[in-house]
Each structure stands twice: as C-alpha cells, then as structure tokens.
Amino acid sequence: MNNIYSEKVILPCADPIITSYPHHACYMSILGNEEKYACAILDAYIPLAYNATYKRLDFSIGVDIVEFMENLPFLEAEYITRKEFHDSRVSYVSHIKGAIANGFYVYLLIDYYFVSADKDVYLQKHRIHDVFIYGFDDVNQAFLAKDFLNGRKYMGFLISYIEMEKACDIDLEKDWLRGIKKYRRKTVIHEEISFHPWVIRKEILDYVQGRVSGYVSFHDIRKRQDCEYYYGLNIYEELVKECHNSRKYNYVLDIRIFHILYEHKKCLSLIVQKLCNGRKLKNYEALSMELDQLTNLNFRIRTLALLYNRNKSERRLQQITDLLLDTKGKEEEILLKFAKSILDVAAFDTLTERREMSYRDMCIEYDGPWQKKNDIAFVRKEGAYLQTLFWGNYAEAVLDEHDYEKNQVQFMIDGHPIDKNRIIMSFYENGEVLYTMKEIHTGYHKFQLVCMGKVCSVKKMIFGCKDVNEDAAECSSSVLLSMDTDTKGDWNKKYGMAGYYIAGGNIQLPDYLTRQSILFKNSYVLVWDEDSKDRRALLNVSEKSGAGRIMAYQEHEKEFWINLVIPGSQKRNVSLYFVDYERWDTDLRIKAFSKYDHTVYWNQELKHIDEGVYVSLLLVGDVIISVKKEKGRLAVISGIFFQD
C-alpha cells in the first residue's frame with residue numbers, strides 16, 4: 001500500500017436527508033443530496049417495517065443493515081473482514097488513511113470507550129457502534145467522523161489517530177457489520193436516475209394496505225430470523241402496544257422509532273415536492289399543506305416521547321398513543337389522495353392560465369432562507385429572492401407591511417429592475433400593501449421579487465393580461481439556424497456562454513430563465529459514465545481546464561418532448577446536443593411547434609447521430625420541441641446550451 005498522502009484529505013460530506021440510523025445517514029452523506037440521486041432512491045423510503053420481536057422500526061430497505069450496506073446503488077464498495085485485516089498486519093490508522101486518500105469513505109464499528117468526543121462513555125463503559133469516516137488531518141493527528149454522540153443528533157467530530165487505533169480493535173464476534181466497509185460514488189452508473197411515478201403509487205398503496213413492499217433481497221434478514229414484522233400503517237397499533245409495555249415494565253421508549261416516523265413524513269414531503277417540480281403531480285398545494293401538518297404532528301409525538309422518558313408521566317403517554325392513532329387515520333387519508341394525484345407522464349402547465357399564486361404554488365422558486373408560515377413566505381436576508389414565469393402585461397404582489405420601513409423590495413421583469421414610476425402602491429387596513437406593476441409589454445416574462453431590506457413578507461402574487469386581445473401563440477417563435485458535427489463534447493469552446501443544461505450533470509441557467517424554463521415530458525435521465533474519456537461526452541464543468549466528461553441522456557424508447565420557455569421579447573440563441581453514445585446508428589426527427597396552437601416552426605431529420613450533432617436555433621416564448629426516434633434504440637438528448 002502506498003503510504004505517501006497529502007497531509008489533509010476531506011471528502012465531500014453532505015448533511016444527510018435521513019439521520020435516524022447511521023447506515024442511512026452514511027449513504028446520504030456520500031451521495032450529497034443531489035437532485036438526480038434523490039429522485040432515484042427516495043421511493044425506497046416509502047415502506048416502513050417494524051420488528052415486534054426486537055422492537056425496532058426502520059425503513060424497510062434498511063432492516064437488514066449488512067445487506068443494505070453491501071448493495072448501495074450508485075456506490076462502488078470494497079470490503080475487508082477483521083480476520084483479513086489482522087492477517088495483513090497493517091495498522092487501522094494507515095488502512096483508513098489509505099482508503100480516504102483513494103477517495104473511499106470508511107464505515108466500521110468502533111468502541112467509543114476510547115473516543116474522548118463521546119463524553120458519556122469515554123473511559124467509563126464500552127459502547128460498540130458504527131461510525132462514518134470522511135477525512136483525515138495530519139496536522140491535528142485526527143480523523144473526521146460522524147455519528148450520534150452524547151445522546152445528541154447525528155453530528156461531525158474528531159477522533160485522534162491514537163484513539164482510533166484503540167477503538168477499532170474490537171473482538172471479531174462483536175463485529176456484526178462483518179468487517180471494514182469502504183465506499184465511493186460510482187462514475188460508471190448505467191442506470192436511470194429518475195422518479196418512476198407508477199412505482200411510487202404502488203409503494204404508497206402497499207403502505208396503506210400494510211403489505212410487504214420495498215426492496216427485499218434473497219439474503220434479507222427477514223428470511224433468516226424468526227421475528228414478527230409489521231408493515232405500513234399496521235405499525236401504528238404495534239407502536240401503541242410498545243408504549244403501554246414501556247409503562248407496564250418501566251423501560252424508556254426508543255426515540256429512534258419516533259424519529260423514523262418524523263423522517264418518513266419528511267421523505268414523503270420531499271417526494272411530493274420533486275414530483276411536483278417534474279410536473280407529475282396534481283393538487284400539490286393541498287397535499288403539501290396536509291403533509292406539513294402530518295410532519296408537525298410526528299415532530300410533536302417525538303418531542304412528547306423525549307419528555308416521557310424523563311418523568312414517565314401517564315398523561316403524556318396517553319397523549320402519545322392518542323396521537324399515534326390520529327396519525328394513522330390522517331396518514332391513510334392523505335396517502336390515498338397522494339396516490340390518486342400522481343401522473344405517470346409529466347403535464348406541461350399553461351402560463352396563460354396562471355393567475356393568483358400563493359407561497360405554496362409549485363411554480364414559485366425561492367433563493368435564500370425563505371420560511372413559510374400562516375400563509376406568508378418571509379425572509380430576513382438582503383438579496384434573497386423568489387421568482388416565477390408568467391404570460392400577460394401586468395403583475396401584482398401582495399406583501400405584509402406591518403413593519404413597512406424594513407420591508408423593502410425590488411421588482412424585476414426579465415432580469416431588469418422595474419422603474420418606481422411604473423409601480424403603484426395601495427395600502428390596506430389589514431396591514432397589506434398591493435404593488436401593481438404597469439407598462440409591461442404583452443408576452444412571456446420572468447418575474448422576480450428581491451428583498452432589499454431587513455425583512456420581506458409576501459402573501460401572494462397575481463398575474464394576467466388586461467385590455468389586450470393578443471393571442472399567446474403570437475408571442476412565440478422558433479427558427480432553425482445551423483447544425484454542427486465537429487465540436488463533439490467540447491461545447492465550452494463555442495456554446496453555453498450564457499448558460500447550460502447537461503443531462504445528469506451540471507446545470508447553470510442564464511439570468512433570464514428559471515428552472516421552469518426547461519421541462520421534459522415522457523423522458524428519464526440515463527447516466528452511463530460520470531468520468532468518461534470519450535470525446536463525444538460533454539464536459540461537465542465549463543470553467544475548469546481538463547474538466548471531467550459525463551456520458552448521459554434524457555431518453556425515451558420512442559419519443560419525448562421538451563418545453564422551452566424563453567421570456568422577454570428578444571429571440572435567444574439555443575443549441576441542442578444529440579449523440580448516440582452506444583452507436584446504434586440512430587436517426588431522430590426533431591420538430592419545434594407552438595404549445596398553444598401547435599403551429600410547426602420547423603421539422604428536421606437528424607441522421608446517424610453516433611458522433612454527436614449540435615442543432616442551433618433562435619427561440620422566444622413558449623415552444624415545444626419533440627424528439628422522436630426514427631431508427632436505433634432510443635430517442636435522446638444530452639445537453640441544451642444558451643449563447644447570449
């Protein structure tokens with residue numbers, strides 16, 4: 001093993017979505033909460049399983065921890081048993097440093113008796129627990145680690161090299177994790193990394209019916225243990241029994257059970273949000289509000305369980321059991337609505353029908369630490385903004401003005417500040433002020449509200465078209481300019497000066513666009529290689545010399561559609577990159593047409609796209625581009641680039 005390292009290596013480590021158990025938190029910390037990975041794995045976090053024999057609740061996928069840790073999607077892994085490690089006669093510190101230097105995160109069991117950061121047990125009692133190692137620092141002679149310490153939440157801390165060497169040396173029979181596990185993100189994936197709505201619908205219905213669902217492997221521990229398991233909504237009666245037993249036999253409640261319930265609702269809310277962002281959900285506002293209420297209810301139950309463990313109040317225990325049964329009833333009602341609201345194929349929304357928008361509207365995008373409470377979105381950070389797209393010639397914003405001097409705002413249309421002379425302010429007795437923006441030309445626009453003071457509180461926004469009979473379709477157009485087969489994946493030399501969308505990779509949109517400006521219908525992200533050497537593969541970061549290349553598609557086996565919404569009156573130069581990395585001799589037919597009256601702007605056949613071709617066009621307004629396979633395996637696109 002090469003023992004020459006940098007004196008300090010810290011691998012990227014995100015705040016995990018799930019922290020109830022360290023095996024979930026480890027996985028989430030490595031993947032980094034990236035949009036593409038979240039959409040690929042969150043449907044596995046719908047099923048819950050309760051082991052009544054061992055009184056343990058977990059997400060169904062994580063019940064068999066060893067099986068879970070050895071089959072994590074999107075991660076490559078290396079394992080070494082304790083016996084193999086002892087036979088190698090290498091120190092634990094050297095082995096872990098070598099793994100981290102090669103880009104591997106390390107996951108193993110240690111004895112916290114030797115770890116000074118765990119003040120509850122240090123040099124007092126032995127506690128064998130799994131720990132996540134993501135860096136080392138020779139200057140401080142310590143590893144960077146994450147785990148639950150001192151009865152607190154999942155957190156980062158330091159373990160000295162001396163402590164680590166002692167803490168790792170545990171008895172072989174106590175190592176239920178069966179060795180030292182090392183992980184890093186795969187570069188070659190070859191998997192679709194998008195939501196499949198029908199899978200989510202099935203998992204939700206299985207959950208409501210209490211059926212066994214989710215990932216269950218041949219080696220799953222449920223097939224080897226003689227235990228009693230409960231699934232989905234059936235867990236709630238068992239948890240009520242567990243509460244009564246804790247009172248009867250005088251033991252503390254396992255707080256992890258209640259934290260799992262709370263994080264389960266957070267996962268459901270995140271799934272709702274991401275389905276909504278992909279236009280695969282109806283009734284978002286109502287579902288979002290009801291799930292927020294359910295999440296708050298589960299947070300309250302967790303808090304009551306913590307308080308109960310302190311003084312064993314019978315009244316508080318009754319509150320917990322009543323709320324658990326209340327949660328079951330509400331959860332069943334909400335999840336059935338959720339299942340009915342899921343769309344198998346994305347539905348493009350119609351900007352001409354967009355009118356009053358509350359803070360929960362799926363079309364509003366927030367930048368900054370906005371908070372939502374009592375029908376108000378508010379922020380206390382100068383420069384934070386919210387934005388959306390609309391069609392029409394007027395825009396209004398209703399703000400809560402109880403502290404008017406602090407509530408300073410700036411309004412932007414298509415990236416330009418609106419002159420104060422074009423804004424009318426109307427004050428109302430209930431503390432609201434209405435800002436009306438006039439002299440906006442009829443068309444598609446990007447609206448942005450920017451906090452310019454100490455606080456900004458927004459109640460709603462209103463858009464539309466007054467006193468004009470102009471057709472929305474007349475505000476859109478597209479002209480085919482050229483095709484380029486020479487540039488390959490080196491797009492940054494010619495395209496994307498204003499912004500870019502790379503399938504499965506980096507996204508940096510121009511200032512005049514929002515995330516709603518690029519929507520896909522009937523397609524999935526398929527990633528082949530995140531560190532390709534193929535010249536056809538797109539550079540994943542434009543500003544770095546020698547940046548890695550990503551080989552990925554938005555794809556469908558027959559045909560998919562792209563909705564591009566370019567606000568303002570200026571036609572923009574947009575280039576689309578098509579390539580068949582698999583060399584199936586693919587032919588495509590690309591067609592651009594108006595979303596509203598289906599006027600066809602241009603229709604182009606692309607033959608033999610194996611080597612890659614850029615199609616450049618001028619575009620403004622709300623335009624659909626269809627990508628249809630004529631020959632080959634898939635209809636595909638790999639990137640969209642903006643030149644202005």
Side-chain angles (χ1 to χ4, degrees), residues 17-18 20 38-50 52 57-63 194-216 229-241 257-302 320-347 349 358 360-362 372:
I17 301 170
I18 298 165
S20 302
C39 287
I41 65 177
L42 276 175
D43 55 14
Y45 285 89
I46 296 171
L48 291 175
Y50 179 65
L57 177 69
D58 198 353
F59 293 96
S60 185
I61 193 174
V63 166
S194 302
F195 268 151
H196 293 282
W198 52 92
V199 174
I200 295 173
R201 186 187 300 108
K202 178 184 181 301
E203 293 290 5
I204 290 172
L205 294 176
D206 284 345
Y207 179 91
V208 170
Q209 296 298 323
R211 293 192 290 258
V212 179
S213 64
Y215 175 78
V216 180
Y229 283 94
Y230 295 87
Y231 299 90
L233 288 178
N234 289 343
I235 67 174
Y236 283 100
E237 283 86 355
E238 298 307 309
L239 297 184
V240 169
K241 291 178 186 177
I257 288 176
F258 303 98
H259 194 64
I260 283 281
L261 290 177
Y262 168 63
E263 292 201 319
H264 179 249
K265 306 311 173 290
K266 286 170 55 181
C267 286
L268 290 175
S269 294
L270 198 55
I271 292 170
V272 164
Q273 177 187 325
K274 293 187 181 299
L275 279 172
C276 177
N277 291 343
R279 300 303 191 272
K280 294 181 180 179
L281 189 71
K282 300 181 295 183
N283 307 318
Y284 167 71
E285 289 80 4
L287 279 171
S288 174
M289 183 179 299
E290 290 178 334
L291 274 172
D292 281 353
Q293 293 170 352
L294 196 60
T295 303
N296 292 335
L297 180 59
N298 278 256
F299 184 80
R300 184 184 173 200
I301 295 172
R302 189 190 71 173
I320 294 171
T321 56
D322 288 346
L323 288 174
L324 283 171
L325 294 176
D326 189 28
T327 295
K328 179 185 178 182
K330 290 181 178 178
E331 197 167 315
E332 179 176 11
E333 181 182 348
I334 293 169
L335 291 186
L336 288 174
K337 289 180 185 176
F338 183 9
K340 291 179 181 179
S341 298
I342 297 172
L343 302 173
D344 287 340
V345 178
D349 62 328
S358 72
R360 287 184 179 272
D361 196 290
M362 66 180 180
K372 292 92 175 181

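Judged purely by atom type and a 3.5 angstrom limit, K337 has no side-chain atom pairing as donor or acceptor with the backbone of E333.
Between K330 and E290, no side-chain nitrogen of the basic residue sits less than 4.0 Å from a carboxylate oxygen of the acidic one, so the salt-bridge criterion is not met. Using a 4.0 Å cut-off between a side-chain N of Lys or Arg and a carboxylate O of Asp or Glu, E332 and K328 do not qualify as a salt bridge. The existence of a salt bridge linking D292 and R360 is confirmed by a sub-4.0 Å separation between a basic side-chain nitrogen and an acidic carboxylate oxygen.
Atom CG of L336 sits about 10.5 Å away from atom OG of S341, to the nearest 0.5 Å. Atom NZ of K266 is separated from atom NE2 of H259 by 6.0 Å, given to the nearest 0.5 angstrom. The distance from atom NZ of K282 to atom CG of L275, rounded to the nearest 0.5 Å, is 13.0 Å. Atom CD of E331 sits about 7.0 Å away from atom CG of L268, to the nearest 0.5 Å. Here SG of C39 is found 8.5 Å from NZ of K280. Values are rounded to the nearest 0.5 Å.
Taking 4.5 Å as the limit, every side-chain heavy atom of L48 sits out of range of all side-chain heavy atoms of D58. The side-chain heavy atoms of I320 and L324, taken from C-beta on, include a pair separated by under 4.5 Å. Contact of the Y262 side chain with the I301 side chain is not registered, since no non-hydrogen atoms from C-beta on lie closer than 4.5 Å. In this structure, F195 and L42 have side chains that are in contact, with non-hydrogen atoms separated by less than 4.5 Å. Residues Y236 and L261 form a side-chain contact, since some pair of their non-hydrogen atoms from C-beta on lies under 4.5 Å apart. In this structure the side chain of T321 never reaches within 4.5 angstrom of the side chain of L325, judged on heavy atoms. Within the 4.5 Å cutoff, the side chain of Y45 has no heavy atoms near those of the I17 side chain.
In plain terms, the two heavy atoms of L335 and I204 that are nearest each other are O-CG2, 3.4 Å. Of all heavy-atom pairs between S20 and I260, the closest is CB-CD1, 3.2 Å. Across all non-hydrogen atoms, the minimal contact from A339 to R201 is O-NE, 3.5 Å. Contact detail for L287 and I334: the closest heavy-atom pair is CD2-O, 3.9 Å. Heavy atoms only, all atoms of each residue included: P47 and Y207 are closest at CA-CD1, 4.3 Å. Between A347 and L343, the shortest heavy-atom distance links the atoms CB-CD1, 4.0 Å.
The number of heavy atoms from other shown groups lying within 6.0 Å of OH (Y229) is above 12.
Using a 3.5 Å distance cut-off with no hydrogens or angles, the side chains of E237 and Y230 do not pair a donor with an acceptor.
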